[in-house]
Amino acid sequence: MIGFDSPWVLLLLVALPLVYPVWARRVRDRAPSRLLRHPALGRDPAEGGPRGGQRWLLALLLLALASLVVALARPVWVGESQQVDEPARSIVLLVDASPSMSTRDFRDAEDQPVSRMGVMREALDEFITAHPRDRFSLLVVTDSAGTLVPETDDHGALRFWIEQLEPGLDGSATALGDGLAVAMESIAERRERGEAPPQLLVWTDGVNTGGEMSPAEALTLARAENIELFTINLAPGDAGPASGDPTLEDLARLSGGEAIAAGDREALLSVTDVIERHEPKADAQDTRRERHALLGWFLVLGLAALLVAQFLKVRLTA
């Protein structure tokens, strides 16, 4: 159906009946230049209403004016309603690759011991599968912190590099504070560019044992930048943090995020559900209608009517 972005402009169409008598009189009084009539032949043909080609000329002029008014009302063709997909999100996966991730204190579906790294890979795979449209980046923490996979929507490449993760990949410590600093610096830069900040998920089995920045300092930065942390504790029974350092639960709670204690395989595989419950959901699926501007068509129609009217005017006065 046709709609209008400025429908009030259509009120100008009521002026057409007022314009008609004025234009009709001018068209009627415009006598042909080469018409010679003898007084004995009767009344002047200009008397009375428009005749013949004059009527066509008048109709074309009114059509051109009406087309211009409709164009000013910005007509659009409104199509059928269509569901709008949720915009793709950016998610930062900060993962621990310290030697302690080789500890086999999880049990698989067959009750066989599985390493923390193996179960984390499985949980990450399920999490990525549950977010098919989202973009991910992968940061790895050991003695230092760095980006292993820049933000990408190539989930195949992301899974490949996750499979390459091995405990003790690059050292024996866990520079958790440095990893948080690297992730939050990237998030802050995105905000400065006016982009939506990504979600930050921290997967670790231990506390900070290395690096230059402490988790307490990272928490201060997170709160200053209003960055929510989601922490997944792969070994909640382990020793607590050093004196003065926040726990993983503190990092999540004090930053406005959520902490997940993955004490067993089932809890770890439920990460996706826990995080999705934390995210606000719309009551209904957003929809939109296709809109195609028609302004150009009415402008072309009005111009064509004016050109034909000009041609007809020349013929009538020739």
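Atom CD1 of residue I232 and atom CG of residue L248 lie 9.5 Å apart, to the nearest 0.5 angstrom. To the nearest 0.5 Å, atoms CZ (F106) and CE (M120) are separated by 10.5 Å. Note that OG1 of T142 and CD of E166 are 13.0 Å apart. Values are rounded to the nearest 0.5 Å.
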Starting from the C-alpha separation in whole Å, work towards a yes-or-no answer on side chain to side chain donor-acceptor pair (under 3.5 Å) for D105 and T103. CA-CA 6 Å; D105 53 1; T103 305; 5.5 Å; no
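For the side chain to side chain donor-acceptor pair (under 3.5 Å) test, no residue two or more places apart in sequence or in another chain qualifies with S255. Remark: T231 engages no residue in a side chain to side chain donor-acceptor pair (under 3.5 Å) (not counting sequence neighbours). Looking at residues two or more places apart in sequence or on another chain, you find a side-chain contact (heavy atoms from CB on, under 4.5 Å) between P99 and S172. By the salt bridge (charged side-chain N to carboxylate O under 4.0 Å, His left out) test, E151 is found to be paired with R135, R190, residues two or more places apart in sequence or in another chain being considered. With sequence neighbours left out, D178 forms a side chain to side chain donor-acceptor pair (under 3.5 Å) with no residue at all. In this structure R159 satisfies the salt bridge (charged side-chain N to carboxylate O under 4.0 Å, His left out) test together with D125, sequence neighbours excluded. Residues that satisfy the side-chain contact (heavy atoms from CB on, under 4.5 Å) test with S186, not counting sequence neighbours, are absent from this structure. Applying the ring-ring contact (aromatic ring centres under 6.0 Å, His included) test to F127 and every residue at least two apart in sequence or in another chain returns H131. Looking at residues two or more places apart in sequence or on another chain, you find a side chain to side chain donor-acceptor pair (under 3.5 Å) between E122 and R265.
Taking the side chain as every heavy atom from C-beta outward, L229 and R223 never approach each other to under 4.5 Å. Residues L294 and I2 have side chains in contact (heavy-atom distance under 4.5 Å, counting atoms from C-beta outward). Under the 4.5 Å side-chain criterion, counting only non-hydrogen atoms from C-beta, R191 is in contact with E225.
Proximity of a side-chain donor or acceptor of T147 to a complementary backbone N or O of P150 within less than 3.5 Å is not detected. Remark: the backbone N or O of L176 is not paired with any side-chain donor or acceptor of T174 at under 3.5 angstrom. With Q310 contributing its side chain and L307 its backbone, the two residues share no donor-acceptor pair below 3.5 Å. A distance-only check finds a donor-acceptor pair linking the side chain of R121 to the backbone of L165 [under 3.5 Å].
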For residues 6-18, tabulate all N or O donor-acceptor pairs below 3.5 Å that involve a side-chain atom, not counting sequence neighbours.
from, atom 1, to, atom 2, distance (Å)
S6, OG, R74, NE, 3.3
S6, OG, R74, NH2, 3.1

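Just one residue in the list L93, L139, I162, L158 forms a side-chain contact (heavy atoms from CB on, under 4.5 Å) with V149, and that residue is L158.
The two residues P167 and M101 have their closest heavy-atom pair at CG-C, 3.8 Å. Here the closest heavy-atom approach between residue A216 and residue P246 is recorded as N-CD, 3.5 Å. The minimum heavy-atom distance linking A259 with A252 is given by the pair N-CB, 3.5 Å.
Neither L58 nor F311 shares a network with the other; the hydrophobic side chains, linked directly or stepwise wherever heavy atoms of I, L, V, M, F, W or Y lie under 4.5 Å apart, form separate groups for each. When hydrophobic clusters are built by joining Ile, Leu, Val, Met, Phe, Trp and Tyr residues whose side-chain heavy atoms come closer than 4.5 Å, directly or via intermediates, V69 is not grouped with L303. Follow the hydrophobic side-chain contacts under 4.5 Å out from W161 and you reach W203 in the same cluster. Under the 4.5 Å side-chain heavy-atom criterion for ILVMFWY residues, no single connected hydrophobic cluster contains both L60 and V300. Residues M213 and L219 do not share a hydrophobic cluster, defined by chaining ILVMFWY side chains whose heavy atoms lie under 4.5 Å apart.
Sorted by first and then second residue, the salt bridge (Lys or Arg N to Asp or Glu O under 4.0 Å) pairs involving residues 1-11 (not counting sequence neighbours) are D5-R291.
Grouped with L301 in one hydrophobic cluster are L63, the linkage being side-chain heavy-atom contacts under 4.5 Å among Ile, Leu, Val, Met, Phe, Trp and Tyr residues.
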